[in-house]
2 protein chains.
Amino acid sequence: MAKIKIEKSTEDKILAAAKKIFISKGMFGARMQDIADEAGINKALLHYYFRSKEKLFEVIFIEAAQKLFPKINSIFESDMPLFEKIRNFCEEYLTVMMENPYLPSFVVNEINRDPQNFIKKIWNKQHFPKPQKFLEQIEREVKKKTIKKISPLDLLINLISLSIFPFVAKSMIQSVIGLDELQFRAVMEKRKKDIAEFIIASIKK
Amino acid sequence: MAKIKIEKSTEDKILAAAKKIFISKGMFGARMQDIADEAGINKALLHYYFRSKEKLFEVIFIEAAQKLFPKINSIFESDMPLFEKIRNFCEEYLTVMMENPYLPSFVVNEINRDPQNFIKKIWNKQHFPKPQKFLEQIEREVKKKTIKKISPLDLLINLISLSIFPFVAKSMIQSVIGLDELQFRAVMEKRKKDIAEFIIASIKK
DNA sequence: ATACAGTTTAACCAAATGGTTAACAAAGGA
DNA sequence: TCCTTTGTTAACCATTTGGTTAAACTGTAT
């Protein structure tokens, strides 16, 4: 059996290293030297491939934000009935979160650091979340009286809160409740279905 | 009409300035010079009153964490019936959040930065959240079949998620939905009651 | 006044940090 | 083989940053 050596290109090594360091320490906490060490290369190479810390950060941030947002849209804009949409959203979203548990706190945090910049960076990148259609769908269901009266915006915020927050507050929850990595995963795995039913139970007539 | 000059002590000026800077920029992003400028004093004075950046930060962080946690306990440990407890929690908690909208993202973020340190700092400070009694109460209600079957931990996580997340993601929500400061406040004000009813509707039999 | 403690400041320092440079290696192409 | 382009490095630089020091100022008790 041949020993397969996957020669990652330098650029990929840098991106992988930068991702790890930026996500765990944030834009300010990350040091270019840390990234270089993590990638096993010289610091000057970072500047050879990506001109500055900010440029490098932007690449990582946009990649992260795109992972966080686009799936939302495909569901938001589909033609599924409301309950199915909610179930789908929770299932898919929690799956992405579990594969990238540090993503939400990274993205949310960097948005807070500089909201203006965030809009500029993500706007036009076609991955900006567009919940309009989803909101209208809720509005319609309320008017048809097929679900209880609720503000569409509130329902959206609830849906997102229940999906994302546990990952943003992962360390806090683990500290307070006392869950190890495995237990946390198990709880989240179960929540894929539970959140959806929790929401549906609340609005079903 | 006499001009009332409220002479804040230097220490208080420092604390106020540090709070503002740390909360808006985080431990890494904050600069001692920024804090000194904000307080209108010399940088050396910061070190005269608080030995190091880390010490100063710790004071601010603990104060923030204490504002975020203690009210939870007084409600968690009270003898109220479950629904009343949920209503109370939402009302009180959102009120605190609206008075300190940047607190949750600050605290959550710094906990993520260094979870070990967080436990060491807050543990023993008697302000650590103790949800045990609340969890047992839910368990009892489920067994008595007065509410629908739900994992107590899940219900707790849902309650916290719905209360805190909108503030953690404030900038994001404002960007995506397009809410100004006033509109955001109005939505949150309304949520004080709505979240509680949303939860209760979901678990009521 | 004098002395003395607590407070405040300007000037300074060493370490860290993002970024640059110039020299060197590797890899083709002629 | 020589030349050119691309990739990589060690050494260096300017600036920033947390922290220190010694001198100056302020009020107050003697």
Side-chain angles (χ1 to χ4, degrees), chain A residues 5-64 106 109-110 113-114 116-118 120-121, chain B residues 5-64 106 109-110 113-114 116-118 120-121:
Chain A
K5 198 168 189 179
I6 300 165
E7 281 288 348
K8 276 213 286 187
S9 76
T10 304
E11 193 169 335
D12 288 342
K13 280 195 290 184
I14 293 176
L15 284 172
K19 192 171 160 181
K20 180 172 170 187
I21 301 295
F22 274 132
I23 285 184
S24 72
K25 303 194 176 182
M27 164 67 174
F28 282 128
R31 294 291 102 105
M32 291 299 262
Q33 190 60 59
D34 296 343
I35 298 175
D37 291 348
E38 178 73 30
I41 53 155
N42 188 289
K43 183 166 63 98
L45 255 195
L46 297 181
H47 292 92
Y48 179 76
Y49 281 92
F50 304 86
R51 283 226 317 261
S52 65
K53 187 185 183 183
E54 220 170 306
K55 294 260 187 227
L56 178 53
F57 176 82
E58 194 177 313
V59 173
I60 302 297
F61 176 78
I62 288 182
E63 193 199 309
F106 171 67
N109 193 32
E110 296 298 332
R113 190 170 59 81
D114 189 351
Q116 294 308 316
N117 212 341
F118 159 71
K120 239 190 309 184
K121 276 183 195 152
Chain B
K5 196 168 190 180
I6 300 165
E7 281 288 349
K8 277 214 285 189
S9 76
T10 303
E11 194 169 334
D12 289 341
K13 278 194 289 184
I14 293 177
L15 284 172
K19 193 169 159 181
K20 179 172 171 186
I21 301 294
F22 274 132
I23 286 186
S24 71
K25 303 197 177 182
M27 165 67 175
F28 282 129
R31 296 289 104 107
M32 292 297 263
Q33 190 60 59
D34 296 343
I35 298 175
D37 291 348
E38 177 73 32
I41 54 155
N42 187 289
K43 182 166 65 99
L45 254 195
L46 296 181
H47 293 92
Y48 177 78
Y49 281 93
F50 306 85
R51 285 227 314 261
S52 65
K53 188 185 183 182
E54 221 170 305
K55 295 259 187 225
L56 178 54
F57 176 82
E58 193 177 315
V59 174
I60 303 298
F61 176 78
I62 288 182
E63 193 198 310
F106 172 67
N109 193 30
E110 297 299 331
R113 191 170 58 83
D114 189 352
Q116 295 309 316
N117 211 342
F118 158 70
K120 236 191 312 183
K121 275 182 195 153

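Everything numeric here is computed off the predicted structure, so don't read it as measured data.
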*For B/Glu54 and D/dG18, give me the distance from atom CD to atom P, rounded to whole Å.*
12 Å
*In terms of heavy-atom contacts, does NZ of B/Lys19 have more than 12 from other residues, nucleotides or ligands at under 6.0 Å?*
no
*With a 4.5 Å heavy-atom cut-off, do A/Leu15 and A/Tyr49 have their side chains touching?*
no
*Take atom CD of A/Gln33 and atom C1' of C/dG19, then tell me their distance rounded to the nearest Å.*
12 Å
*In whole Å, what is the span from the NZ atom of A/Lys43 to the C1' atom of C/dT20?*
9 Å
*Under 4.0 Å: is that the gap between some side-chain N or O of B/Tyr48 and OP1 or OP2 of C/dG6?*
no
_Candidates D/dG19, D/dT8, C/dT20 - which lies nearest the side chain of A/Tyr49_ = D/dT8
_Tell me whether the side-chain N/O atoms of B/Thr10 come closer than 4.0 Å to OP1 or OP2 in C/dT8._
yes
*Expressed in angstrom and rounded to an integer, what is the separation of A/Lys53 atom NZ from C/dT17 atom P?*
9 Å
_Within the 4.0 Å heavy-atom criterion, would you say A/Phe50 contacts the bases, only the backbone, or no part of the nucleic acid?_
nothing
*Closest listed nucleotide, where the reference is the side chain of B/His47 and the choices are D/dG19, D/dA10, C/dT20*: D/dG19
*Would one find more than 12 heavy atoms of other residues, nucleotides or ligands at under 6.0 Å from atom CD of B/Glu54?*
no
*Nearest-Å distance, CG (A/Leu45) to P (C/dC24)?*
18 Å
_A/Asp37 CG to C/dA16 C1', straight-line distance once rounded to whole Å_ = 14 Å
_Phosphate-side-chain proximity, A/Arg31 and C/dG18, N/O vs OP1/OP2 below 4.0 Å_ = yes
*Of all the choices, D/dT21, D/dG19, C/dG19, which nucleotide is nearest to the side chain of B/Ala44 once you look at every atom?*
D/dT21
*Just checking B/Ala36: base, sugar-phosphate only, or nothing, at a heavy-atom cut-off of under 4.0 Å?*
nothing
*Please state how far atom CD1 in A/Ile41 lies from atom C1' in D/dA10, giving the value in whole angstrom units.*
14 Å
*Looking for any heavy atom pair under 4.0 Å, which part of the strands does B/Phe28 touch: base, sugar-phosphate only, or nothing?*
nothing
_Close side-chain approach of B/Asp34 and B/Glu38, heavy atoms under 4.5 Å_ = no
*Stacked cation flag B/Arg113 on B/Phe61, 6.0 angstrom / 45 deg*: no
*Please state how far atom CD1 in A/Ile35 lies from atom C1' in C/dG19, giving the value in whole angstrom units.*
14 Å
